[in-house]
Amino acid sequence: MGPSASRADRVFGFEQFELSEREGELRKNGARIRLQEQPFQVLVELLADAGRVVTREHLQQKLWPADTFVDFDVGLNTAIRKLRLALGDDAESPHYIETSAKRGYRFLIPVNITTSASKLVSENATPASAVSKPEGTQPESAGGEFALTSEKHRRWYLTLTALAVVALASGILWRVKRGGPYPVVEKRITANPVEAPIRAAVVSPDGKYVAYADPTGVYLRQIDSGETRPLPLPKDFNASPSSWFPESTHLLVTSHLRSEQKPSVWKVSILGGTPQMLVDDAEDGSVSPDGSQIAFFRRTFVAAEGRGVGPLWLMGSNGENPHKFVGPTATDLIESGSLGTGIRAVSWAPGGRRIAYIEQHTNFANSAGDLFWLLTRDSTGGQSQMILKDHRIAPRALCWAPDGRLLYALRTDPKNERSDHGVWAIRVDQGTGKAKGNPEPVSDGLGWIGGLSVTADGKHLVLWRGNTRPQVFVSEFDKGTRRLTTPRRLTLDENANTPTAWMPDSKSVLFLSDRDGAWKLFKQRIDQPMAEVIVEGRNLVNALPRLSADGSQILFADLSRPDDASVPIRLMSMPLSGGMPRLVLQDRGISNFLCARTPSTVCVFHKVLGATSSFITFDTERGKGREIARFEGLPNWGLSPNGSQLAVVTDENRGRLRFLSLDTGATRDVVVKEWPVLRGVDWTADGGSVLIGSVTARGTAVILDVDLEGSARVLLESDPHTQFRWVIPSPDGRYAALNVFTGENNVWMVENF
């Protein structure tokens with residue numbers, strides 16, 4: 001069983017792993033993996049006898065002596081489970097640890113065993129046998145060392161040693177700067193399909209349950225056994241869990257009894273009974289560690305356009321004394337012009353003294369994207385402490401671990417524009433609220449992270465990862481009913497794909513995609529499975545490619561400096577036949593732009609000036625024209641095919657729509673009857689009506705055909721697991737390209753983090 005050297009000096013190497021018995025550490029590519037004592041000792045025994053079965057009796061004698069009063073079977077099973085998690089192994093198809101039924105376990109991978117001393121020599125010094133001895137060097141002594149007698153030889157030796165030290169130090173610094181691999185492995189604990197994506201999940205403080213919601217309801221999954229049961233709720237009680245009470249028998253949920261109603265926060269028992277409403281017009285509550293207070297969000301709507309932002313409020317555990325804790329008011333936002341400022345995530349410190357939160361800042365005046373601030377504040381008020389600022393922070397994922405680390409999600413690869421998040425941690429002083437070190441990675445994976453929660457003992461971290469992304473679907477207008485047929489998926493790619501326009505012949509769709517790690521503009525025929533790249537370059541996520549009025553050019557926005565508000569956005573043009581892009585115009589705050597169709601030559605772009613939106617005409621050859629209208633906020637809008645009218649959604653939560661004549665400036669306001677929620681607006685090919693996304697009382701998405709008087713009829717209704725955001729009709733009026741969000745979201749767990 002291993003070499004004759006002292007067992008405490010052994011170093012085991014296998015694949016990218018290394019275990020030092022003396023140091024009591026397991027490392028993967030140099031990064032330490034946290035492992036408790038018993039799993040570590042079990043691994044030592046398996047590695048020492050790699051390839052052979054190590055019996056359960058042997059492990060019991062070694063690690064659980066006869067005078068130790070524990071349940072050996074439970075202890076060993078737990079140790080093996082933690083080992084597999086640390087190594088990223090699977091019990092069903094093992095790569096490292098194989099179970100021998102009723103006997104024990106076998107380590108399957110070849111293991112190289114050395115001693116700590118030999119390992120140190122091999123890493124930090126050049127072996128004597130590998131060195132060409134300089135002329136005049138004395139023979140080796142009995143101890144195996146060079147006998148360097150001259151000053152020349154001593155200088156040579158010192159130089160060689162210094163170079164080795166520098167090389168070693170350089171390697172270490174490079175590894176630290178570059179960042180090693182993530183030390184823990186995420187384990188998926190739900191397996192929901194695309195038809196039932198999880199939209200919220202939170203782990204109970206005692207570590208027994210994960211409560212999660214999908215389109216079919218709210219469920220409780222027992223972590224140890226995997227047993228899942230529905231949470232007892234009244235019929236049509238559409239809810240999402242956001243937090244647990246400390247005793248782990250009551251949940252805090254957000255409910256929308258009807259999609260157009262404001263949300264409310266409820267207390268629900270997992271044992272049954274009638275839910276208790278705590279506060280109306282509120283959502284996403286978080287219970288303090290002692291259960292005495294609840295932090296929650298209350299949306300503030302600015303002016304009439306219905307764009308909401310989230311101040312953070314506090315109240316008692318039964319809904320008493322609700323009061324604003326931090327965040328802007330509507331007046332603050334209008335005066336500052338930063339309509340997107342708001343609180344997006346919250347977490348209590350383990351002792352309940354401080355609150356951490358993520359503040360989102362969106363300055364629509366430069367389309368620079370969102371900047372997220374991670375801050376802490378004393379729960380009684382006072383000055384906030386800045387922890388981090390970063391565009392890559394996930395806005396809804398935050399939790400404070402019992403050991404004082406603040407956990408958050410981050411798009412870890414700055415060179416990749418995909419929304420793949422890793423979990424990161426930064427240690428924060430609970431007294432001062434200030435950071436006590438540098439951020440460190442915890443885990444990584446594919447997909448965005450929508451939420452984080454941790455057990456009271458800090459042993460389990462639960463996150464829900466989303467791979468729901470926009471996709472391009474194509475539907476056809478039925479010749480008889482003029483309803484849309486069942487859409488079929490055009491983009492056979494799991495990355496984000498967002499349609500923006502049709503080609504003039506109505507046979508191909510233009511869309512943006514991050515499938516290659518950076519956003520590019522693609523073109524794909526509706527009868528072909530593959531797409532071709534039209535425009536590529538960084539920062540095209542908000543490029544909004546459109547066609548010129550005559551259909552000969554592609555127009556797109558160039559956000560070469562999205563993080564600098566002082567740099568104007570450039571509106572570029574490129575011939576469809578190919579060639580170099582050229583500048584059409586540049587301005588700050590360009591948010592959208594559209595062109596009519598020949599014979600019209602009208603084009604309009606929309607820019608944001610503080611809290612006001614301005615609509616300005618432009619020409620692809622002569623540049624900027626005249627201002628035609630101003631609106632409050634950031635409304636959705638569409639330009640009619642003949643260039644005569646704008647359709648502007650003036651209140652997306654109250655069904656208000658305005659038609660504006662470009663020739664006379666006359667306006668006409670209508671209310672879309674029975675459909676208060678309006679999402680996006682595009683004119684039909686003949687210009688007789690507009691196509692608008694909305695949502696039913698059941699929460700399913702619909703596409704509406706709305707005439708100029710505000711009367712609406714349903715063209716298409718989605719399944720519960722998909723959402724339509726907008727629809728773009730083809731120039732010939734036969735087809736429609738839909739922006740559909742679909743994909744699988746599931747719950748993952750991290751142990752020993």
Side-chain angles (χ1 to χ4, degrees), residues 1-55 58-59 61-63 79-80 82-89 94-98 100 104-133 140-146 157 160-176 178-185 752:
M1 292 182 59
S4 58
S6 170
R7 294 175 61 87
D9 286 338
R10 291 180 300 180
V11 176
F12 302 88
F14 57 98
E15 293 187 340
Q16 66 268 51
F17 291 92
E18 182 180 270
L19 182 147
S20 171
E21 196 171 8
R22 183 177 65 179
E23 300 296 333
E25 291 183 351
L26 174 65
R27 292 182 177 271
K28 181 179 180 182
N29 291 333
R32 182 181 178 184
I33 298 176
R34 296 191 177 197
L35 206 56
Q36 295 175 339
E37 177 65 19
Q38 284 183 337
F40 182 87
Q41 294 300 333
V42 170
L43 182 56
V44 168
E45 296 299 321
L46 294 178
L47 295 176
D49 268 349
R52 294 191 289 269
V53 173
V54 178
T55 65
H58 173 80
L59 292 172
Q61 293 171 5
K62 284 285 185 181
L63 306 179
I80 292 293
K82 290 182 177 181
L83 272 182
R84 285 182 169 136
L85 283 172
L87 299 175
D89 205 10
H95 179 67
Y96 294 110
I97 302 173
E98 178 185 65
S100 179
Y105 303 92
R106 177 189 288 111
F107 197 81
L108 301 174
I109 300 299
V111 176
N112 179 42
I113 305 176
T114 60
T115 64
S116 297
S118 64
K119 187 72 175 176
L120 184 64
V121 169
S122 65
E123 288 187 350
N124 297 334
T126 305
S129 60
V131 178
S132 297
K133 302 176 186 177
E140 293 181 13
S141 67
E145 298 177 350
F146 289 135
Y157 182 82
L160 181 62
T161 304
L163 289 173
V165 170
V166 169
L168 177 63
S170 298
I172 292 173
L173 289 174
W174 178 83
R175 287 195 296 271
V176 170
R178 181 176 182 271
Y182 294 88
V184 293
V185 176
N752 301 317

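Because the structure is predicted, anything quoted here is derived from the model rather than measured.
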| said: Could you check whether any side-chain heavy atom of Ile109 comes within less than 4.5 Å of a side-chain heavy atom of His95, counting everything from C-beta outward? | reply: yes
Looking just at side-chain N and O atoms, do Gln41 and Glu45 make a donor-acceptor pair shorter than 3.5 Å? no
Item to check | Close aromatic pair by centroid cut-off 6.0 Å: Phe107 and Phe14 | outcome: yes
- Kindly indicate whether the side chain of Leu85, heavy atoms from C-beta on, has any atom under 4.5 Å from the side chain of Val185. no
Self-check item: Polar side-chain atom of Asp89 near backbone of Tyr96 as donor-acceptor pair, under 3.5 Å
Solution: yes
4.5 Å side-chain heavy-atom contact, His58 and Thr55: yes
Does the pair Arg84 and Ile97 meet the rule for a side chain to side chain contact (heavy atoms under 4.5 Å, CB included), with working shown?
CA-CA 7 Å; Arg84 285 182 169 136; Ile97 302 173; 4.0 Å; yes
**Asked** Are any of the side-chain heavy atoms of Asn112 and Thr114 separated by less than 4.5 Å?
**Response** yes
Inset, instruction - Please report the C-alpha distance between Glu21 and Arg10 in whole Å, then the side-chain angles of each, then the deciding distance to 0.1 Å, and finally whether the salt bridge (charged side-chain N to carboxylate O under 4.0 Å, His left out) criterion is met. - result: CA-CA 6 Å; Glu21 196 171 8; Arg10 291 180 300 180; 2.9 Å; yes
Hits for ring pair (Phe, Tyr, Trp, His ring centres under 6.0 Å) against Phe40, two or more places apart or cross-chain, chain-then-number order -> none
One should read off an interatomic distance between Leu35 CG and Leu43 CG, to the nearest 0.5 angstrom, of 7.0 Å
Determine, step by step, whether Tyr105 and Val54 satisfy the side chain to side chain contact (heavy atoms under 4.5 Å, CB included) criterion, reporting the C-alpha distance in whole Å, the side-chain angles of both residues, the deciding distance to 0.1 Å, and the verdict.
CA-CA 5 Å; Tyr105 303 92; Val54 178; 5.7 Å; no
* Asked: So do the side chains of Phe17 and Leu26 get within less than 4.5 Å of each other, counting heavy atoms only?
  -> yes
When every non-hydrogen atom of Ala50 is compared with those of Val111, the smallest separation belongs to CB-CG2, 3.6 Å
**Request:** Verify whether one side chain among Gln36 and Lys82 offers a donor that lies under 3.5 Å from an acceptor in the other.
**Result:** yes
Contact between Val11 and Leu19 at the side-chain level, heavy atoms closer than 4.5 Å - yes or no? no
I'd like to know if the side chain of Arg32 and the backbone of Glu25 have a donor-acceptor N/O pair within less than 3.5 Å. no
